[in-house]
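I am attaching a structure below and will ask some questions about it afterwards.
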Amino acid sequence: MTIGKVTIQNDTGLHARPGNEFVTFIKSLTGCKVEVENEGGKRVNASSLLKVLSLGVKKGSVLTVYCDGDNEEENLKKIEEFIANLKD
């Protein structure tokens, strides 16, 4: 398992539209289970939009990302890049 931290930079956080883009991206990472945890300690499956939205992620929030499976480190880097380039 590979663990990393990412800070949400887009102005609106992970609401429905960017949250859906994030979940769609996560689902494209084959062979790797991804979970995200908010600063309050709530950890959810990152391939579920409703679960990701339940984290209440806003701009400046720090998410802990857990990758488990094939290509963990490579997938974590891809997730970090995706989050850094996420738009509203």
Reported CD-to-NZ distance for the pair Glu37 and Lys5, which is rounded to 0.5 angstrom: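 Interatomic distance, Glu37 CD to Lys5 NZ, rounded to 0.5 Å: 7.0 Å.
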Plane angle bin for Phe82 and Phe25 - parallel if under 30°, tilted between 30 and 60°, otherwise perpendicular: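 Phe25 and Phe82: parallel rings.
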Flag, side chain of Asn20 to backbone of Leu49, donor-acceptor distance under 3.5 Å: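 No.
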Working for side chain to side chain contact (heavy atoms under 4.5 Å, CB included), residues Val36 and Ile26: CA-CA 11 Å; Val36 290; Ile26 295 299; over 6 Å; no
Asn10 (side chain) donor-acceptor with Leu86 (main chain) under 3.5 angstrom: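 Flag not set: sc Asn10 to bb Leu86 has no pair under 3.5 Å.
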Arg17, CZ atom: more than 12 neighbouring heavy atoms under 6.0 Å: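 No, because the 6.0 Å sphere around CZ of Arg17 holds 12 heavy atoms or fewer from other groups.
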Salt bridge (Lys or Arg N to Asp or Glu O under 4.0 Å) evaluation trace for Lys78 with Glu74: CA-CA 6 Å; Lys78 288 179 182 179; Glu74 180 182 329; 3.3 Å; yes
Intermediate values then yes/no, side chain to side chain contact (heavy atoms under 4.5 Å, CB included), Thr64 and Ile3: CA-CA 7 Å; Thr64 303; Ile3 302 170; 3.5 Å; yes
Distance-minimising heavy-atom pair for Lys59 and Gln9: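 So the minimum-distance heavy-atom pair works out to CE-O, 3.4 Å.
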Closest contact, heavy atoms only, Pro18 versus Lys87: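 For Pro18 and Lys87, the tightest heavy-atom pair comes out as CB-O, 3.7 Å.
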Exam field: side chain Asn71 to backbone Asn75, donor-acceptor pair closer than 3.5 Å: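 No; judged by distance alone, with no hydrogens or angles, the pair does not exist.
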Linked, directly or transitively: Phe22 and Val44 (ILVMFWY side chains, under 4.5 Å):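 Phe22 clusters together with Val44.
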Option from Lys33, Glu72, Met1, Glu73 for which side chain to side chain contact (heavy atoms under 4.5 Å, CB included) with Cys67 holds: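 Among the candidates, only Glu72 passes.
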